Amino acid sequence: MRLLTGLVLGGILAAGALGAASSQTRAPTTAAPAAAPATNRTTDILKLMQQAADAAAKAKAAQARADAAKAEADKRAAEAAANTGAQAAQAEADRKAAEAKAASDRQAAAAAQAEADRRAAEAKAQRAAAAGRGVDWPAAIGGVRASGGGEGLAPNLNRAAVDKTKVPILLPTDAKLMAGARIYSFGDYYTITADAPGAGISLSGTTAVVPLPAGTPLKITPMGPEGATSQRTVDGQLISFVRYGVLYTVEVRCDAPTDPRCVDDNYARGLATKTTTVVMGAAARAAAGLGG
């Protein structure tokens, strides 16, 4: 490009000089309009050539920038592709880890459910056997004698309801709690209610058996020779156990969900442990062979 520009420029200059010499030696024959000086034409041509050279330089610079931009775009596209591949690999690894954890959790849940079902079946069989035998009256009579029969422990219990009850009645050895207790009797089933500050207590006993549909799971864990179980209720704790062939329950209900007596079963179990006083009304004494 530079060589070509130099040759063209040299030719133009030579042509201009030759034209100027000829105009000096040739005799004018007629008067004619004055022609534009050769120097001006040369300057115009040089300007055009410079502009062309500048335009070419700008085009080259623009092409260089375009090439650099494309190279940067290609680089970023390659990086994005690499990142996408790494993310996909991580996502696949996370998916497999989640599947493995879910499988492990299912196995653990199945094992726990199997153990719960086994214990529930044991409790159900134990209670069915107890119900089938009926009330163990000799043991109940022994309980009355050992505990003193509850004389004066619950003075406000309705005597007619006590005499109507056909099963041994169990009371906790807590005179303060039993002072205002109330009893509701249905013959082979009774419930005693009592109030404590911020809580309510229910004690019940029954020989009635309500059959459950086959395969019904009982999510309870029997403990000890009386098959004691502990269950969380909506507002408290429920302890149940079998004694003298009778199913007894001790339930604690709290006004406040954060009440320590209902947060766990410690208080309810302690109350059940103290529920040892045996009271027998007329119907129970008759059934035990002691006369009304």
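Heavy atoms only: backbone and side chains are in, while hydrogens, waters and symmetry mates are out. All residue numbers in this chain count up from 1 along the given sequence. Not measured: the values here are computed from a predicted model.
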Distance, nearest 0.5 Å, that separates [atom1] of [X] from [atom2] of [Y]:
X	Y	atom1	atom2	value
L171	I192	CG	CD1	4.5 Å
L203	L177	CG	CG	7.5 Å
D235	R253	CG	CZ	6.5 Å
K164	I183	NZ	CD1	10.5 Å
D265	T233	CG	OG1	11.5 Å
T229	I239	OG1	CD1	7.0 Å

Please say whether more than 12 non-hydrogen atoms of neighbouring residues, nucleotides or ligands are located less than 6.0 Å from CZ in R145. no
Does the [X] side chain pair with the main chain of [Y], one donor and one acceptor, at a distance under 3.5 Å?
X	Y	answer
Q237	C262	yes
R285	G289	no
N156	A181	no
S202	E251	no
S104	A100	no

Salt bridge (charged side-chain N to carboxylate O under 4.0 Å, His left out): pairs with one or both residues in residues 45-61, sequence neighbours excluded: none
How close do [X] and [Y] get, counting heavy atoms only, and between which atoms?
X	Y	value
W137	A288	CE3-CB, 3.5 Å
P172	L271	CB-CD1, 3.9 Å
G187	S185	N-OG, 3.4 Å
R261	D259	NH2-OD2, 2.8 Å
V144	M280	CG2-SD, 3.3 Å
R182	D195	NH2-OD2, 3.6 Å

Cluster link V167 to L290, ILVMFWY, side chain under 4.5 Å: yes
Between V246 and L238, is there a shared hydrophobic cluster once you connect ILVMFWY residues whose side-chain heavy atoms come closer than 4.5 Å? no
Using the test side chain to side chain contact (heavy atoms under 4.5 Å, CB included), find all partners of E92 that sit at least two apart in sequence or belong to another chain. R95, K96
Is any side-chain heavy atom of [Y] closer than 4.5 Å to one of [X]?
X	Y	value
V278	I169	no
Y190	L170	yes
Y184	T193	yes

Where do D264 and R269 land on the salt bridge (charged side-chain N to carboxylate O under 4.0 Å, His left out) test, with the steps shown first? CA-CA 10 Å; D264 56 41; R269 282 191 178 276; over 6 Å; no
Does the side chain of T277 pick up a donor-acceptor pair with the side chain of T173 at under 3.5 Å? no
Can you see whether N83 engages E79 through a side-chain donor-acceptor pair at a distance of less than 3.5 angstrom? no
Residue pair V135, T207: steps toward the side-chain contact (heavy atoms from CB on, under 4.5 Å) verdict: CA-CA 8 Å; V135 178; T207 55; 3.7 Å; yes
Pair Y267, V250 - check side-chain contact (heavy atoms from CB on, under 4.5 Å), show working. CA-CA 11 Å; Y267 177 80; V250 175; over 6 Å; no
Start with the C-alpha gap between L46 and Q50, add the side-chain angles, then the distance that decides, and say whether side-chain contact (heavy atoms from CB on, under 4.5 Å) holds. CA-CA 6 Å; L46 288 175; Q50 185 61 45; over 6 Å; no
What do the steps show when you test T275 against Y248 for side-chain contact (heavy atoms from CB on, under 4.5 Å), and what is the final call? CA-CA 10 Å; T275 304; Y248 294 100; over 6 Å; no
